[in-house]
Every structure is written in structure tokens, then in C-alpha cells.
K.L.:
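One structure, pasted below without further comment.
What you are looking at is a predicted structure, and each value in this text was computed from that prediction instead of being measured. Quick note on labels: first sequence line is chain A, next is B, and so on, each numbered from 1. Computed over heavy atoms, backbone and side chain alike; hydrogens, waters and symmetry mates excluded.
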Amino acid sequence: MYIQALSGDAGFLERLARANFSGTVHSFFERTINLTCSENGELYTIGNYQLDNAPNTLIIDRKGFSELGLSTNAPVMTENNTLVIGANLRIWIQQATKWEGELPSYPCDIEGVDVLRRNVAFTKNYVDVYGKTGGMKMSSHPASPFEKEMSRMLIQRAGMLSDDLANNRIESATRHAISLIGLGPGLTPSGDDFLVGLCSVYKMRNISSCLSCPFFDEIVRTSQVLTNEISAITLKKAAHGQVRESLNDLLSCMVSGSMKELVPALDKIIGIGSSSGTDILLGILCGLERNLEAGGNVCLPKS
Amino acid sequence: MSTKVVIKQSTYFDSVSLMSLSTKANQIEGVEQAVIAMGTDMNKEVLKNVGLLTPELEAAKTSDLMIVVKAATDELCESALIAIDELFKKKGGSKSATEIKYSTIDSAAASIPEANLAVISVNGAFAAREARKALENELHVMLFSDNVSIEEEIALKQFAHEKGLLMMGPDCGTAIIGNVALCFGNAVRKGNIGIVGASGTGSQEVSVRIHDFGGGITQLIGTGGRDLSEQVGGIMMLDGIKALEEDEATKVIVLISKPPAPSVQEKVLAQVKNCKKPVVVYFIGGEETPVLEAGGHFAKTSKEAAIKAVVLAGANEDELNKRALNWPLIEEVRAKLTPEQKYVRGLFCGGTLCDEAMYLAMDKYEDVYSNIQKKADYKLKNIHESKAHTFLDMGDDDFTNGKPHPMIDPSTRIARFLEEAKDPSVGVILMDFILGFGSHEDPVGVMLPAIIEAKAQAAKEGRHMEILGYVLGTDLDTPNFDEQVKKLMDAGVTIASSSTNAGLLAREFVAKGE
């Protein structure tokens, strides 16, 4: 079966165009197929047309993948501008639009900071009302003692991380960030999602209180062992400032958009996964609030 | 209250499905609490905090899905797990790292064009045909199957030789290619020592000892047990030596085999003589002079082979812990045994480990019996009845006809062990426990009840029961090497540090008047 690729991460498309991609099917779901690349060991994703662009991701013109006869470990290769997955699926990449995600700049003037402050307050209320429970946001009626304890630990650890960031205790912040990795229900644990949101803020250009490289390096390093491969690659990309398109859009709205523009962007994020979107938003809020509090430039030396 | 656990290995469900399953599982009648979550360390910490963490859950990996059910009774837990399984079936999900199945070698070769090796394990009647197909597809072959005729073996090996391919087997159970252990093998360090082995557990033992002495392996090429017979003529061992000689990463070559046919030994040693790399020759029970004349490095034991290899590969011999024999321990055990307890009984999963211990006993005693004895007078007529010193290769066809190998199913060895333990003339029972890929998931654990029972019975009868265990494995192996050793020690078993030391200790424990 031949399917047209609609758009894709520029790096991924270049790799495919160079025929520098071979590997196997790692896992597949109704809307995504994950591929392990033999060349660099990273996971790449094929997403259906309802999904947004993201790092290492190709969006194709098909809704569901369950009828494609896929199997895990099926070989993947490239030939003549076509990505060949297993025996049945061939994806044409020639017409695909290149996507290069870019995080927005943190506002550098008082007016911009005011807009951000207003949007952060709005987003906080929005999450309180519409955010999904079960992860970072505790349900008033947890389904089990496990869920209750999980949310308690997530909230406590995120709180300690937030406190460390507010007080520039970077070593302690790193420890508390690591204590969140792999913690939570779902395929991408809530702690990982929270860190994806947090990293996306601290990787914005002109961020007022930037974090030193070892903080992100440690997140990338430890995520390899503390969480599953699918979540680890998302965390790794976020730690390098690469996040999905809807997250870039949301952050752009947060720094310069109106509330009218903000609502659909927030809805899109809240719709991710079960509680994943809400957990990401709480990470974003944590990062933005700490930066708003810090105000001026308290950038630490990079080491 | 009862808690039941299921671990679904390398299983991924999307977050929405997972949360929905978790909610539904908690609503199943009779369930006090149900958890469905990925097996990350942090999630295990939560389980610990709510009193649900079990050793089984502790072992879950980040890619595994943990399912925990707590209910009033075992029955309720079981029925809840069945209900949860039904929910999973409805949801589907994705399993990672499972095998893709191909119906034929041809379709596998066509679907994976980059593949260059086929591991074949089919009924012996079809094995040669499949191996030939693989060779025709330019694939090296590891043929695990046995019951292949010698004529077919010769034809396959000659065909492979002409094509410049490796034909490992038939009856080849151990190989390490490109740092990947195939069939029965151990997790060993990558290094600069290559092995060509005609005996599976012998190759495993030498690779493990090399790892223990700080060295590492480039490739371990298996040949199959008949390769060095007169008829086959050592085709694969000769090709293996050539392959390792051409392999830049290999600096030292080790050859392992039971004694080859004289004409084949001559051919092999002629190639050793022409080889530009140092070659350590460990032909169990073999002679030193011809090896030295060929410029090879002779090893009498597996441990010596490993030591010579790592030293030739660059290790400083003075810095090696060679694990010398523990003479105070020998004296201690001798003092515990009565004059009547004068025989060794060795019950082995590994044929070469059995052979090595047997040859070491034969250096000291005449009456050494076995089902694999070369001396006709000492080959057991009835394998179910031990005589004097007896060493049994329980993986040999004598014991495995119609049954799984004892490395997989230990029941035959357990029964034999309990029999031997009742014999008042037995001074020591020696057993190997083989870890690594393809082996039993807990080889020590399955023997422990029998060991404890035998020890208790002997104590009741007022005699000491010396059980000597050797765990073949590395710190990288699964199950955990240290845990397996600890279980044995806790049960009062004496541990040998190598196959060689196991053989030496066993024979010395029962020596009288020294």
C-alpha cells in the first residue's frame, strides 16, 4: 500500500532523502508507528493526519494504522524517496512539507511580560477547570490508593523542583527533576510530561533565568534508564529545545497571543493523551511562573 | 488479602487505553485495588509506598507493563486478572521486541536483505535442507538441530567452505557472533580473543573464564561436536581459524575440542603452525608435545586456556587472580568425610564440564566411570547405576532421548541427585549450574529443595554430605550470578570458582591418606 507523506520533521526528511534510514518497527498504535533507526538508535514516529508535527516525526495521509498488517520488528528501509515499512506499507516522501519547529522568544520588554503574566494566570485557571486528573492534577476521588499516592508524589516532587528553581538551587533541582522521570501512569509517565513542558520553557530564546547544560544533560542521560524508550526520546528532544508543533504554538500564544487565540491552543494540548497534555501544561506553568518571578536575567554560567 | 502480579514484557499501550483499562480494572467486582502501569523505578516506588511491591515487580523493566491486583482471596484475584486480560484483548496494544515469523528461509532472506546469518533449529529430518537453503541465500549458518547424517554434514560444510561461509553445526549450541550470544551462551565482555569450539559448554566455560580474568571475546565460532571426526575432517574448525586470522579485532585464537581424530588433529595443528596469530589449544585430555611442535600454546585445562589467552592478549600475568586451589578447605572437607565416603559423583548439564572433571579425576584414580568414557572398560553399561567415581553428562543423548536438555528441564538430574545422596560410599556430589541465554531461568532455585532434603537426610544418618557446585556465568548474565551463588552457599553448598577447580576440588576432597 502506498501512502503520501504530508509533512515531516526536516531532519527526518533529509535523512530519508539521503536514504540514510533503516531499522525496524518498534511499536505501533492506532494513530502512530514508532520506528527504531539502526543508524543512530533513536525512535522515529509515523503519525496519522490528525496529529501535529513533532521532532523525528512524519505525518502521513491516513487515519488509522491497525489494518496495515504491521508487526513489531518488521524491517524498515528507504529506497527511491520511499520509506518502506514491512512488506505492505510504502510511504512517498517527495511531496512532504518540511517542518522545522522553533520555540518562541521569551518577552524582553515590560509590555510583553505583562501579556505573558496575564496569559499564565488565564492558563492556570483554565487548567484548574478543564485539566485532566490522574497525573499531576490530583483527582478529588482517586480510583485507588496507588493513584492517590502517585499524584501525591508527583505534586510533592514537582513542588520541590519548582522551589529549587525559584531559589537557584540547580543541583537540588536536577535531583528533583530526575525523581520525576518515569513517575506516573500512562505510556509517557506524568513526571516525564511535566519535564517536557518545563524544558520547553527553559529552552525558549532570551529566557530570563536559564538553566545550565548539566541540568538538561542529566535529564537526557537518566531518562534512558528511568523511563521507556518512547517517553525518553520525547524528553531528550525537549531537553534540546525541540517539541511538537502544538507546544510551540501554545508557547507563542502565551507570550504574545490574545486569550481568544489561547483557548484553542490550550484545548489542543489538553487533548494530548489521557492526562499527558495537562501534565505538560503544568510543567509549562511551573517554568513560566519561576521566570516571571525571577524577572531579570539571572542566567547561570554554562558548564 | 491476596495480591497477584502479571508482567507483560515489552508491551506498550497508548496512555488513553492504559488509563481507561486501569479505571475499569479498579471497578471489577471484588477488586480492592488494581494497578496497571509501566515498570519504571519511580512507579515501583509508588507501589512500595502502598505496600504492593513484590520481588517480581522489582524485576520489571521500563518497557514492561505491570499489572497488580489486590483482592480478598486468591480466587477473586485470579478472576480479576482474567477480566483484565479480556480488557487488554479488546484494546489490542503494541508489543515491542517480539519476533517476526517467516514461513521459509527464502522469505526471511528476502525480507531482511542485510541479514548474513541464519540460526536454524528444526526437526533433524529437515535441518540439512533448511541449512542448504540458507547457504544458497549467502547466509552463514548456525545449525542447532541434531540428528543430521554425517554425509549431510560433510556436504553442507563443503558447500559452505566453497562459498566462503561458516557452517556452524549441526548440533552447534553455542556461538557469540558480533557480541551477540546465540542459543546457549553467556554475556561476556567484547575483547580481542577469538574462540573456535567443537564443544558447547567448553566454549562457554573458556569465554566466561576469559571474562573473569579481565579479557574479552571477538567471536566464538561453534563447529558442532562431530567436526573433528575422521569423516568430517575439521572443515569448520579450519575455516573458523582462517576467519579469526583474517579478523583484525582478533589478536589471539583459542581452540576447544574433545580429542580430535589423529588425522584431523594433524590438519588442525598444521594450520596452527601457519597461523600468524598466537593459538591456544585446549583439546580435553590431549597431549602437549604435538601442540608445542606446531608452535601452539598447550592448555591442559579450561582455566589454563583462558589464562594463556588473556596473557597472550596483553594482560599482565602477575596481576591476574588465578584463583588458586583452596587447600585449607580441602583439608577441612577431608576431615568431615568417613573412610567409606571415597567416591565422587558428578552430575552435569555441560558435557565438556563433565569431561574436564572426569579427566582430572582420571589423573588420580583408575576407577572413573562415565556415560562418555573413551575407555571401554569404564564406560557405564547401565547409565542408571553409578559405580565408584562416576561422572554423568546428563545432556548426552543417553539421558535426553525424548526429553529436554537438563539445562532447560532439570527433573532427571534432581531425581538422580537424590539417589546419589543416599549412597553412603559417596563423599562428594559435584554439579554444574549453567547461566546465560537459553538456560533455565533459575537453575539453582530448582535444585535447592533437593539439596536441602539430601543434606537433612545425611545429617539424620550422622554423615556429612559434601555438595560441590560450580556456577558457570558472568556478572553480566541473567539470572544474577551472585544471587545464584548465594542461594547455593546458604544451602551449605561449597562453591568452585571454575570448571577446572571444580574437578580438582572434587577429586581432592575424597582422597584418603594424604
K.L.:
Quick check on B:K133: does its NZ atom have over 12 non-hydrogen neighbours (other residues, nucleotides or ligands) under 6.0 Å away?
P.N.:
yes
K.L.:
Name the residue from A:I181, A:T227, A:L226 that meets the side chain to side chain contact (heavy atoms under 4.5 Å, CB included) definition with B:D41.
P.N.:
A:L226
K.L.:
Has the side chain of B:Q33 got a donor or acceptor atom that lies under 3.5 Å from a matching backbone atom of A:F146?
P.N.:
yes
K.L.:
Is the CG atom of A:N80 crowded by more than 12 outside heavy atoms at less than 6.0 Å?
P.N.:
no
K.L.:
Output the distance between atom OG1 (A:T72) and atom OH (B:Y12), rounded to the nearest 0.5 Å.
P.N.:
10.5 Å
K.L.:
Quick one: NZ on B:K70 to OG on A:S144, what's the gap to the nearest 0.5 Å?
P.N.:
11.0 Å
K.L.:
Using heavy-atom distances under 4.5 Å, tell me whether A:R31 contacts chain B through its side chain, its backbone, both, or neither.
P.N.:
neither
K.L.:
So, taking the atom named OG1 in B:T40 and the one named CG in A:N228, what distance separates them when rounded to the nearest 0.5 Å?
P.N.:
8.5 Å
K.L.:
Could you give the distance from CE (A:M153) to CE (B:M42), rounded to the nearest 0.5 Å?
P.N.:
8.0 Å
K.L.:
If you count heavy-atom pairs under 4.5 Å between each of B:V35, B:V50, B:D64, B:T62 and chain A, which one has the most?
P.N.:
B:T62
K.L.:
Hey, is CD on B:E138 packed in by over 12 heavy atoms from elsewhere, all under 6.0 Å?
P.N.:
yes
K.L.:
Just so I understand: if I count every heavy-atom pair under 4.5 Å between each of A:G184, A:P189, A:G273 and chain B, which residue has the most?
P.N.:
A:G184
K.L.:
Let's go through A:L187 and B:F13 carefully: what are the C-alpha distance in whole Å and the side-chain angles of both, what is the deciding distance for side chain to side chain contact (heavy atoms under 4.5 Å, CB included) to 0.1 Å, and is it a yes or a no?
P.N.:
CA-CA 6 Å; A:L187 180 63; B:F13 279 77; over 6 Å; no
K.L.:
Has A:E39 got more than 12 heavy atoms of other residues, nucleotides or ligands less than 6.0 Å from its CD?
P.N.:
yes
K.L.:
Would one find more than 12 heavy atoms of other residues, nucleotides or ligands at under 6.0 Å from atom NZ of B:K61?
P.N.:
no
K.L.:
Can you tell me how far apart OG (B:S10) and CD (A:E229) are? Round to the nearest 0.5 Å.
P.N.:
8.0 Å
K.L.:
So which part of B:N43 gets closer than 4.5 Å to some heavy atom of chain A, the side chain, the backbone, both or neither?
P.N.:
both
K.L.:
Heavy-atom cut-off 4.5 Å, strictly under: side chain, backbone, both or neither for A:S276 against chain B?
P.N.:
side chain
K.L.:
Would you mind telling me which of A:P145, A:S22, A:P185, A:G135 has the largest number of heavy-atom pairs within less than 4.5 Å of chain B?
P.N.:
A:P145
K.L.:
Would B:N26 and A:E147 count as a side chain to side chain contact (heavy atoms under 4.5 Å, CB included) here? Give the steps.
P.N.:
CA-CA 11 Å; B:N26 275 288; A:E147 188 189 314; over 6 Å; no
K.L.:
To the nearest 0.5 Å, tell me how far A:D192 CG sits from B:M38 CE.
P.N.:
10.5 Å
K.L.:
Of the backbone (N, CA, C, O) and the side chain (C-beta and beyond), which part of B:I36 lies under 4.5 Å from a heavy atom of chain A, both, or neither?
P.N.:
neither
K.L.:
Assess whether atom CD of B:E441 is packed by more than 12 heavy atoms of other residues, nucleotides or ligands within 6.0 Å.
P.N.:
no
